[in-house]
**Student:** 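Supplied in structure tokens, the structure appears directly below.
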Amino acid sequence: MRRPLLRAAAAIAATAVVAACGAGNRTAGTETGERSASGGVLTVGLMADLTGAYSSAFKTSETGLKAYFNLINAEGGVNGNKLSYVVADTTSTPAGAQAAAQQLVEKDKVFAIVEVSAVYSGAQNYLLRQGIPVAGGGFDGPEWTDPHNTNLFASTGATDYKAVATVTGQLMKAQGVTTCAAIGDTTASSAGSAAAGVASCEAAGLKNGYLNTQVSGGSTDVGTAAQAMKQAGIDGLYLPVVPSTAFALVAALKQAGMQLKVVLMSTGYGSDLLASPATVQAAQGFLFQSVGQPVEAGTPATQRQQAALAKVGVTASPTFAEQEAYIAGAVIVAGLNAAGPNATQKSMADALRKVDDFDADGLLAPGKVDFSDFTQVPAGAGSAGCIFAARVQGDKFVTVSGLPLCGGAVPGVTNN
């Protein structure tokens, strides 16, 4: 979910990476004609924005999924199956997302898909027709809130962009903010989250100083926005955008001499930020949202995650994309466990739809995801209705008192 953009790919690139050794079987279900898990190696596809405008947020996705699948394989796999994966690049475009999906289904014959992408919506109609279960963050658009999309499972809770969360405004107010601002790009999820952020501030009795939901995806041209924020006297900022945009704005505000009480960045937590001395200096004291519990919390769940990531070379705080892919991998495993031995794609989806207490092996606690509910989390509510975050202090992240902060929708407030 990282900093520099990779070269734009001329075509969809896919790299096969097997997380377990040995040959396996994928056999047709006797009633549905679907592929089923019958023992051996079960292959999952990973769709991610590895090149293009959104790659600064998502290019580390593979590491998170690899860490989780390696962990599960080391513990014996699932119902006699070891897990492997193949990767397809969306190139940060809806058309690229569909091409990636077609490759994974028609060439790689995947059983299910993990997506970490701002443009997944381009693939949904195709994957729904194919009956492929898909797990992901669900932050690219409203398709995740449509009950007709029976193949979709939002790993941290489906987001209702018409609802406004209580928690963003409450967090800002608790940190002494008086005037809020937010920036979103033109994707439905980013724009909706930004608008919901300032609406949440207003519901908490704070001022709406500035809102811009028309920033181009991945843009670093934020000087005008920084000056407008300075003129508005904002002291709290919510940034549901990719890191390339967010970090450029943080630097511009620092240069403008702004003294902000809170900057809450939805994608900034992780080792990529710490690898940039200039960004670390500019971000001192700022809050960075984590997908579930940050590893600095030191809970049993984060210790298990941290150990798994260390085995694939991640020894610092995991990135947004690594967290998203890791948790989405846990959704796939939860579905296979719920369906039992010899699961088909349909039986897995049907069983997973009945799971109402998913917490990603504890990473989302105290929040829980109910996969039967397509509008569970109000916009801006964070993971499973809770805001998890860590603060930059010196050259590391530290935990924040009072977090996670969990809540629901602001009564009577609609995000239009």
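Being a predicted model, the structure only gives us computed values, none of them experimental. Side chains included, hydrogens not; waters and symmetry mates left out as well; all remaining heavy atoms used.
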**Student:** Do T375 and T145 have a side chain donor and acceptor closer than 3.5 Å?
**Tutor:**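 T145 and T375 do not have a side-chain donor-acceptor pair below 3.5 Å.
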**Student:** Carefully, step by step, assess S84 and T43 under the rule side-chain hydrogen bond (donor to acceptor under 3.5 Å, both in side chains).
**Tutor:** CA-CA 5 Å; S84 69; T43 303; 3.1 Å; yes
**Student:** For S290 and Q323, test the side chains for any donor-to-acceptor distance below 3.5 angstrom and give the result as yes or no.
**Tutor:**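 Side-chain D/A pair, S290 to Q323: present.
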**Student:** Using salt bridge (Lys or Arg N to Asp or Glu O under 4.0 Å), reason through R304 and E75 one step at a time and then give a plain yes or no.
**Tutor:** CA-CA 12 Å; R304 183 170 184 259; E75 294 176 346; 2.8 Å; yes
**Student:** Assess whether side-chain hydrogen bond (donor to acceptor under 3.5 Å, both in side chains) is satisfied between Y210 and Q231, documenting all intermediate values.
**Tutor:** CA-CA 10 Å; Y210 181 84; Q231 292 176 5; over 6 Å; no
**Student:** Going by the ring-ring contact (aromatic ring centres under 6.0 Å, His included) test, which pairs reach into residues 223-246, not counting sequence neighbours?
**Tutor:**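 The answer is none; no pair qualifies.
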**Student:** Mind checking whether F358 and F371 have parallel, tilted or perpendicular rings, split at 30° and 60°?
**Tutor:**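 Aromatic pair F358/F371 classed tilted.
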**Student:** Applying side-chain hydrogen bond (donor to acceptor under 3.5 Å, both in side chains) to D89 and T91, what does each step give before you reach the verdict?
**Tutor:** CA-CA 5 Å; D89 180 12; T91 67; 5.5 Å; no
**Student:** Within the 3.5 Å criterion, strictly below it, is a donor on S266 or Q289 matched to an acceptor on the partner's side chain?
**Tutor:**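 There is no such pair between these side chains.
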**Student:** Have S190 and S193 got a donor and an acceptor in their side chains that come within less than 3.5 Å?
**Tutor:**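 S193 and S190 do not have a side-chain donor-acceptor pair below 3.5 Å.
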**Student:** Count the heavy atoms belonging to other residues, nucleotides or ligands that lie under 6.0 Å from CD of Q284, then report whether that count exceeds 12.
**Tutor:**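 Correct, the count exceeds 12.
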**Student:** Other residues, nucleotides and ligands only: do more than 12 of their heavy atoms fall within 6.0 Å of CD on Q259?
**Tutor:**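 It does not: Q259 CD has 12 such atoms or fewer within range.
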**Student:** Evaluate the criterion salt bridge (Lys or Arg N to Asp or Glu O under 4.0 Å) for residue pair D359 and K368; output intermediate values, then yes/no.
**Tutor:** CA-CA 5 Å; D359 66 359; K368 293 185 182 297; 3.7 Å; yes
**Student:** Got V164 and T414 here, is their nearest side-chain heavy-atom distance under 4.5 Å?
**Tutor:**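 V164 does not reach T414 side chain to side chain.
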**Student:** Could you note down all residue pairs passing disulfide bond (SG atoms under 2.5 Å apart) where residues 81-182 supplies at least one of them, sequence neighbours left out?
**Tutor:**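 For residues 81-182: C180-C201.
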**Student:** Checking side-chain polar atoms at under 3.5 Å, does Y120 have a donor or acceptor matched by the opposite partner on D49?
**Tutor:**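 No, because no side-chain N or O of Y120 sits under 3.5 Å from a partner of the opposite role on D49.
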**Student:** Out of D146, N151, D140, which one pairs with Q124 under the side-chain hydrogen bond (donor to acceptor under 3.5 Å, both in side chains) rule?
**Tutor:**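 Exactly one candidate clears the test, N151.
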**Student:** Would you call D350-K346 a salt bridge at under 4.0 Å N-O?
**Tutor:**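 Counted as a salt bridge, because a side-chain N and a carboxylate O are separated by less than 4.0 Å.
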